[in-house]
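To keep things clear, I will list the structure first and then write my remarks on it.
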Amino acid sequence: MHQEAIVAKYEAFAANELGKAYLSQHKPIKAREYLEKAGKIAKQFPDYSLEIEVINQLGKSYQQQRKFESANSYHQQALDIAKKQKNRRAVVNSLFYLGNVSLDMRQFQQARDYYQQALEIEIEFGDRYSSARTYHQLGRVAQQLREYNQARDYYQQALEIDIEFGDRYSSASTYYQLGRVAQQLREYNQARDYYQQALEIDIEFGDRYSQALTLHCLGTLAQAEENYAEARANLQTALEIYVEYQDEYWSKVVREILEGLPE
């Protein structure tokens, strides 16, 4: 029985990792096949840490499909188990993911509350590395609320930590968000510089979906500058990647922008 449990836990871990890999490729339905398998095994033995992680990953899969109520339900379930098990890391992760769903649902004050709770625990336990992603998300909330100086401060804090820990990949999304703030403030040269830094890292790490997001913004930036040829080229490339990843929401948004561009 002991040997059987070891084999089963290995299978659950492998299935969870495969699920996460498919999520990183924005393939949520395929991811769920593996995550559900991992969840059944983790519950059976049980392995609470793995079970909580799997439940949160299932929540992320529904978030990618913009099925926010289902996503919330999974993350809340994970948070409840994490609190019961007194698993501080899992509590922080669950709060962070709940914040992400609230942000996507445009419930900005609720998102800020979840992120602040997560940040307080990270600071209390000296988890500086993890706090970078939380500062980043607090920046996104401030940006949505048009608190641009506050947003920039949060992003700069996140970027400093990413650079301190040599996390080049994570810095790409922060450069991207700094570009969006600069664009919203009509600081177009600064925005382009940040986007180019983000795109360079996206290409370096082969993150095609993030490339699409950055090209999308470079396209709208060129549109704002009335450089329609550049706008069309960037938006068309972004659209091709969105279609490749079967992202109907952003594909529709970009098609509408392209249709509205002057010839």
Worksheet item: What residues, two or more places apart in sequence or in another chain, satisfy side-chain contact (heavy atoms from CB on, under 4.5 Å) together with Tyr48?
Response: Pro46, Glu51, Ile81, Gln85
Worksheet item: Between the side chain of Ser73 and the main-chain N/O of Glu69, is any donor-acceptor distance below 3.5 Å?
Response: no
Practice prompt. Cation-pi check, Arg208 to Tyr245: give yes when NZ or CZ is under 6.0 Å from the six-membered ring centre and within 45° of the ring axis, no otherwise.
Written response: no
Worksheet item: Do Gln116 and Thr134 come close enough that some side-chain heavy atom pair is under 4.5 Å?
Response: no
Item to complete: Would you tell me whether Asp113 and Gln109 have side-chain atoms, one donor and one acceptor, within less than 3.5 Å of each other?
Response: no
Worksheet item: With sequence neighbours left out, which residue pairs that include part of residues 230-241 fulfil the side chain to side chain donor-acceptor pair (under 3.5 Å) condition?
Response: Asn227-Glu230
Worksheet entry | Carboxylate-amine/guanidinium proximity below 4.0 Å for Arg66 and Glu248 | no
Worksheet item: Donor-acceptor pair, Ser210 side chain versus Asp207 backbone, under 3.5 Å?
Response: no
Worksheet item: Between Gln65 and Arg32, is any side-chain donor less than 3.5 angstrom from a side-chain acceptor?
Response: yes
Worksheet entry | Residues Glu225 and Arg192 bridged, charged N to O under 4.0 Å | yes
Worksheet entry | Polar side-chain atom of Tyr115 near backbone of Gly99 as donor-acceptor pair, under 3.5 Å | yes
Discussion item. Check whether Tyr148 forms a cation-pi arrangement with Arg180 (NZ or CZ under 6.0 Å from the six-membered ring centre, at most 45° off the ring normal).
Written reply: no
Worksheet item: Around Phe125, counting heavy atoms of other residues, nucleotides and ligands shown, do more than 12 lie under 6.0 Å from its CZ?
Response: yes
Worksheet item: What distance separates Ser24 OG from Tyr209 OH, expressed to the nearest 0.5 Å?
Response: 12.5 Å
Worksheet item: What residues, two or more places apart in sequence or in another chain, satisfy salt bridge (Lys or Arg N to Asp or Glu O under 4.0 Å) together with Arg168?
Response: Glu200, Glu204
Discussion item. Same cluster or not: Tyr249 versus Leu258, using hydrophobic residues (I, L, V, M, F, W, Y) connected whenever any side-chain heavy atoms lie under 4.5 Å apart?
Written reply: yes
Item to complete: State, with a plain yes or no, whether a side-chain heavy atom of Leu159 is found less than 4.5 Å away from one of Tyr175.
Response: yes
Discussion item. Membership question, hydrophobic clusters at under 4.5 Å side-chain separation (ILVMFWY): are Leu218 and Tyr228 in the same one?
Written reply: yes
Worksheet entry | Backbone of Leu35 reached by a side-chain donor or acceptor of Gln57 within 3.5 Å | no
Fill in: Pairwise side-chain contact, Met105 with Asn72, heavy-atom cut-off 4.5 Å (strictly under)
yes
Worksheet item: Any idea which heavy atoms bring Pro28 and Ser61 closest together, and the distance?
Response: CB-O, 3.3 Å
Worksheet entry | Other residues, nucleotides, ligands: >12 heavy atoms within 6.0 Å of Phe13 CZ | no
Discussion item. Can you tell me how far apart OG (Ser130) and CZ (Phe165) are? Round to the nearest 0.5 Å.
Written reply: 9.0 Å
Worksheet item: Between the side chains of Asp162 and Ser170, is a donor N or O closer than 3.5 angstrom to an acceptor N or O?
Response: no
Worksheet, complete the sentence: Glu256 meets the salt bridge (Lys or Arg N to Asp or Glu O under 4.0 Å) criterion, sequence neighbours left out, with Lys252
Discussion item. Checking Gln63 against Asn100: is there a side-chain donor and acceptor pair closer than 3.5 Å?
Written reply: no
Worksheet entry | Contacts of type salt bridge (Lys or Arg N to Asp or Glu O under 4.0 Å), residue Glu53, not counting sequence neighbours | Lys20
Worksheet entry | Close side-chain approach of Tyr176 and Tyr194, heavy atoms under 4.5 Å | no
Item to complete: Verify the neighbour count for atom CD1 of Ile29: are there more than 12 heavy atoms of other residues, nucleotides or ligands below 6.0 Å?
Response: no
Discussion item. Under a 3.5 Å threshold, yes or no: a donor from one side chain and an acceptor from the other, between Arg89 and Ser49?
Written reply: no
Item to complete: Could you check if a side-chain atom of Leu215 sits within less than 4.5 angstrom of a side-chain atom of Leu235, using non-hydrogen atoms only?
Response: no
Discussion item. For a 4.5 angstrom cut-off between non-hydrogen side-chain atoms, does Glu122 reach Leu119?
Written reply: yes
Practice prompt. Could you list the residues that satisfy side-chain contact (heavy atoms from CB on, under 4.5 Å) with Lys27, not counting sequence neighbours?
Written response: Tyr22, Gln25, Lys30
Worksheet item: Mind checking whether Glu11 and Ile41 have side chains closer than 4.5 Å, heavy atoms only?
Response: yes
Discussion item. Apply side-chain hydrogen bond (donor to acceptor under 3.5 Å, both in side chains) to residues Gln76 and Asp80 and explain how you reach the verdict.
Written reply: CA-CA 6 Å; Gln76 188 61 56; Asp80 291 344; 3.2 Å; yes
Worksheet item: How many angstroms lie between CG in Asn56 and OG in Ser94, if you round to the nearest 0.5 Å?
Response: 4.0 Å
Practice prompt. Would you please say whether a donor-acceptor pair under 3.5 Å links the side chains of Thr174 and His136?
Written response: yes
